[in-house]
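Below: one structure, written as structure tokens.
Note that the coordinates shown come from a computational prediction; the quantities given were computed from them, not determined experimentally. In what follows, every chain begins at residue 1, and chains take the letters A, B, ... in the order their sequences are listed.
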There are 2 protein chains.
Amino acid sequence: MIYYPAMKSPTIDIKKELKQKGLRVTTPREKILSVFSAECQPMNAESIHAQLKSIDLVTIYRTLTSFEKCGILRKVDLHKDSTYYELNHHHHHIVCTSCGVIEAFESCDIKKLTQKVVLQSSRFKTIQDHSLEFFGVCKICLKG
Amino acid sequence: MIYYPAMKSPTIDIKKELKQKGLRVTTPREKILSVFSAECQPMNAESIHAQLKSIDLVTIYRTLTSFEKCGILRKVDLHKDSTYYELNHHHHHIVCTSCGVIEAFESCDIKKLTQKVVLQSSRFKTIQDHSLEFFGVCKICLKG
DNA sequence: TTTTTTGCAAAAGGTTTGCAACACG
DNA sequence: CGTGTTGCAAACCTTTTGCAAAAAA
């Protein structure tokens with residue numbers, strides 16, 4: 001999966017981050033968070049396991065779940081078969097529906113839209129989060 | 001899954017719609033499209049099968065895939081375990097992260113944002129589609 | 001009649017669960 | 001020491017594939 005990030009890999013104090021989120025510091029958790037910190041791109045359980053073969057796949061699934069619950073990671077929907085996670089920064093993606101290349105971008109000014117949506121909604125008073133992904137055909141595929 | 005639609009169920013000429021999209025008119029396809037037309041909400045293979053027990057689950061999967069390819073349906077990501085599809089109208093959702101209730105809305109003015117994104121992108125010149133879902137806690141859950 | 005679609009059985013792929021051994025705090 | 005976490009095996013659930021029979025054009 002070719003991926004063009006919107007920003008450089010963040011510097012994370014792994015141990016500190018885990019403690020802050022109320023998680024015990026264990027070797028698998030440190031290693032898995034390190035991978036996300038270094039790669040800064042969406043990853044599924046299998047792609048992490050490929051880099052950390054000594055860690056059981058089951059542990060990776062459990063770690064991803066607990067990281068998501070405590071807010072370290074977030075799920076991303078890229079219209080792929082498995083669940084992808086990434087560091088919980090505010091950014092979005094453009095996915096090429098032909099070759100699958102992904103480009104990230106940070107700017108996303110949908111405050112106004114969010115406000116409008118809340119005003120129109122009878123059941124929601126506030127909104128915590130949103131997912132926004134664009135799908136198109138990249139320049140290279142357009143030419144081919 | 002409680003669902004509040006943004007619009008009334010559309011009136012669809014099932015046979016015509018199938019032919020228009022270049023699909024053969026078969027009983028399973030007519031029935032499955034009827035379900036979407038009547039319910040007007042996101043559904044997965046299992047929920048359709050629950051209503052159409054005489055149709056094999058495999059046929060439902062294959063039908064959903066072909067409906068998506070020809071543009072009758074689109075995938076929606078609701079952060080659930082299975083793949084949900086809905087009629088390919090332009091609308092979005094607010095999902096309650098506590099009880100799972102879903103509210104749909106139609107207005108979505110992100111043309112400007114889309115243009116901005118394309119201008120900033122070095123790899124994409126146009127964008128065909130976007131997914132936009134909001135996540136929050138509904139009023140009822142807030143009180144509970 | 002030719003081509004596509006369906007149903008059944010079986011397999012595949014991703015993810016979860018049970019439980020004993022182990023490690024963190 | 002007590003509780004949370006890991007690894008292994010096995011189960012589970014959703015989705016896909018192969019193939020012969022049935023149906024559409």
Inset, instruction - State, to 0.1 Å, how close A/Lys8 and A/Cys40 come at their nearest heavy-atom pair, and which atoms those are. - result: O-SG, 4.2 Å

Inset, instruction - Could you check which residues of residues 49-56 of chain A get a heavy atom under 4.0 Å from DNA chain D? Sort them by number, please. - result: A/Ser54, A/Ile55, A/Asp56

Inset, instruction - Mind listing the residues from residues 61-82 of chain B sitting with a heavy atom below 4.0 Å of DNA chain C? Number order is fine. - result: B/Arg62

Legend entry - Test item: B/Lys139 and A/Phe124 side chains (from C-beta on) under 4.5 Å apart, heavy atoms: no

Legend entry - Nearest-angstrom distance from the residue atom CD of B/Glu46 to P of D/dC12: 16 Å

Legend entry - Heavy-atom check, side chain of B/Pro10 versus side chain of B/Leu87, under 4.5 Å: yes

Legend entry - Close residues, residues 21-42 of chain A, relative to DNA chain C [heavy-atom separation under 4.0 Å]: A/Arg24, A/Val25

Inset, instruction - Mind checking the OG1-CG spacing from A/Thr63 to A/Leu33? Nearest 0.5 Å is all I need. - result: 10.5 Å

Legend entry - Shortest non-hydrogen contact from A/Phe134 toward B/His130: CD2-CB, 3.6 Å

Inset, instruction - Verify the distance criterion only: is there a donor paired with an acceptor across the side chains of A/Glu86 and A/His93 at less than 3.5 Å? - result: yes

Inset, instruction - Using whole Å, report how far CG of B/Leu57 lies from P of D/dT14. - result: 9 Å

Legend entry - Modelled atom types, side-chain donor and acceptor of A/Glu103 and B/Ser121, under 3.5 Å: yes

Inset, instruction - Please tell me which of B/Thr83 and B/Lys19 maps to the more 5' nucleotide of DNA chain D, matching each residue to the nucleotide holding its nearest heavy atom. - result: B/Thr83

Inset, instruction - Hey, can you tell me if A/Phe135 and A/His79 have their rings parallel, tilted or perpendicular (30° and 60° cut-offs)? - result: parallel

Inset, instruction - Check whether any side-chain heavy atom of A/Tyr85 sits under 4.5 Å from a side-chain heavy atom of A/Asn44, and report yes or no. - result: no

Legend entry - Lys/Arg cation over aromatic B/Phe67: B/Arg29, 6.0 Å, 45° cone: no

Inset, instruction - Walking along DNA chain C from 5' to 3', note the first and the last nucleotide with an atom under 4.0 Å from a heavy atom of chain A, and give both. - result: C/dG14 to C/dG25

Inset, instruction - Would you check if there is a donor-acceptor pair between the side chains of A/His92 and A/Glu106 at a distance under 3.5 Å? - result: no

Legend entry - Axis bend over the full length of the helix from C/dT1-D/dA25 to C/dG25-D/dC1, computed from five pairs that close each end, to 10 degrees: 50°

Inset, instruction - Determine, for A/Asp129 against A/Arg74, whether the closest basic-nitrogen to carboxylate-oxygen distance falls under 4.0 angstrom. - result: yes

Inset, instruction - Give the ring-plane orientation class for B/His91 versus B/His89, where under 30° counts as parallel, over 60° as perpendicular and anything between as tilted. - result: tilted

Inset, instruction - Would you mind listing the cluster partners of A/Val58? Hydrophobic ones only (ILVMFWY), side-chain contacts under 4.5 Å, chaining allowed. - result: none

Inset, instruction - For B/Leu113 and B/Gln115, run side-chain contact (heavy atoms from CB on, under 4.5 Å): C-alpha distance rounded to whole Å, both residues' side-chain angles, the deciding distance at 0.1 Å, then the answer. - result: CA-CA 5 Å; B/Leu113 177 57; B/Gln115 285 172 354; over 6 Å; no

